[in-house]
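To keep things clear, I will list the structure first and then write my remarks on it.
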Amino acid sequence: MNGRLIHIGSDHGGFKLKEILIDFLKEKEYEINDLGTFSEQSVDYPEFGRKVGYAVLKDGYFGIIICGTGIGISISANRLMGIRAALCHNIEYAKLAREHNDANILALGGRFLDELKAKAITEMFLTTNFEGGRHQKRVECIDKI
Ligand code: RB5
């Protein structure tokens, strides 16, 4: 596991925000694995949710996935056992997704977030630790469903 390696992917609805976050994360010396898409040409979000999901399962956290709303791409990634993708609309969601859910992928809605808010959510997600304790058992239950 390499905590400085971020797997990132989006569909066309998340492409612009993906590029912004890649620059932001590089400035903070994260290593980036950009799994596409690479333009605003229309593509199907499940492919990118899955690609990031598999990369996170292989190399450890974290992943970031972005589509227009964040909904379709998070549903897609969450089909993979072991993936806990959390769609976060603000920094409080990002904090709790890490503290309580040990989320390993941050999902964002590229059409609903401004740049500053998206960066703040991302930073909160990447720097908040899982609390464990009473949340550990609940997180373990997810994969037993
Ligand atoms: C693409 O138009 C849009 O449906 C997609 O980006 C996403 O919002 C789906 O959940």
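One-based numbering, in listed order, for ligands and for the atoms of each. Worth knowing before you read on, the calculation uses all heavy atoms, side chains too, and leaves out hydrogens, waters and symmetry mates. Just so you know, these numbers come straight off a predicted model, no measurement behind them.
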Top protein contact for atom 10 (O) of ligand 1, by heavy-atom distance: Gly72 N, 2.9 Å
Can you tell me how the ring of His135 sits relative to the ring of Phe130, calling it parallel under 30°, perpendicular over 60° and tilted otherwise? tilted
Mind checking ring pair (Phe, Tyr, Trp, His ring centres under 6.0 Å) for Tyr45 and listing every partner two or more places apart, or none if nothing turns up? none
The protein heavy atom nearest to atom 8 (O) of ligand 1 is Thr69 N, 3.0 Å
Passing option when Lys18 is tested against Asp11, Thr37, Asp34 for side chain to side chain donor-acceptor pair (under 3.5 Å): Asp34
In terms of residue, atom name and distance, what is the protein heavy atom nearest to atom 5 (C) of ligand 1? Asp11 OD2, 3.2 Å
Give the atoms of ligand 1, by number and element, whose distance to some non-hydrogen atom of His12 is under 4.0 Å. 1 (C), 2 (O)
So for atom CZ, which belongs to Phe24, do other residues, nucleotides or ligands contribute more than 12 heavy atoms lying within a distance under 6.0 Å? yes
Can you pull out the closest protein heavy atom to atom 3 (C) of ligand 1? Residue, atom name and distance to 0.1 Å, please. Arg111 NH1, 4.0 Å
With respect to Tyr45, determine whether any N or O atom, backbone or side chain, lies less than 3.5 Å from an N or O atom of ligand 1. no
Near Gly68 (heavy-atom distance under 4.0 Å), the atoms of ligand 1 are 5 (C), 6 (O), 7 (C), 8 (O)
Residues, nucleotides or ligands: over 12 heavy atoms within 6.0 Å of Glu140 CD: yes
Under the ring pair (Phe, Tyr, Trp, His ring centres under 6.0 Å) test, which residues partner Phe15, sequence neighbours left out? none
Which residue and heavy atom of the protein sit nearest atom 7 (C) of ligand 1, plus the separation: Cys67 SG, 3.3 Å
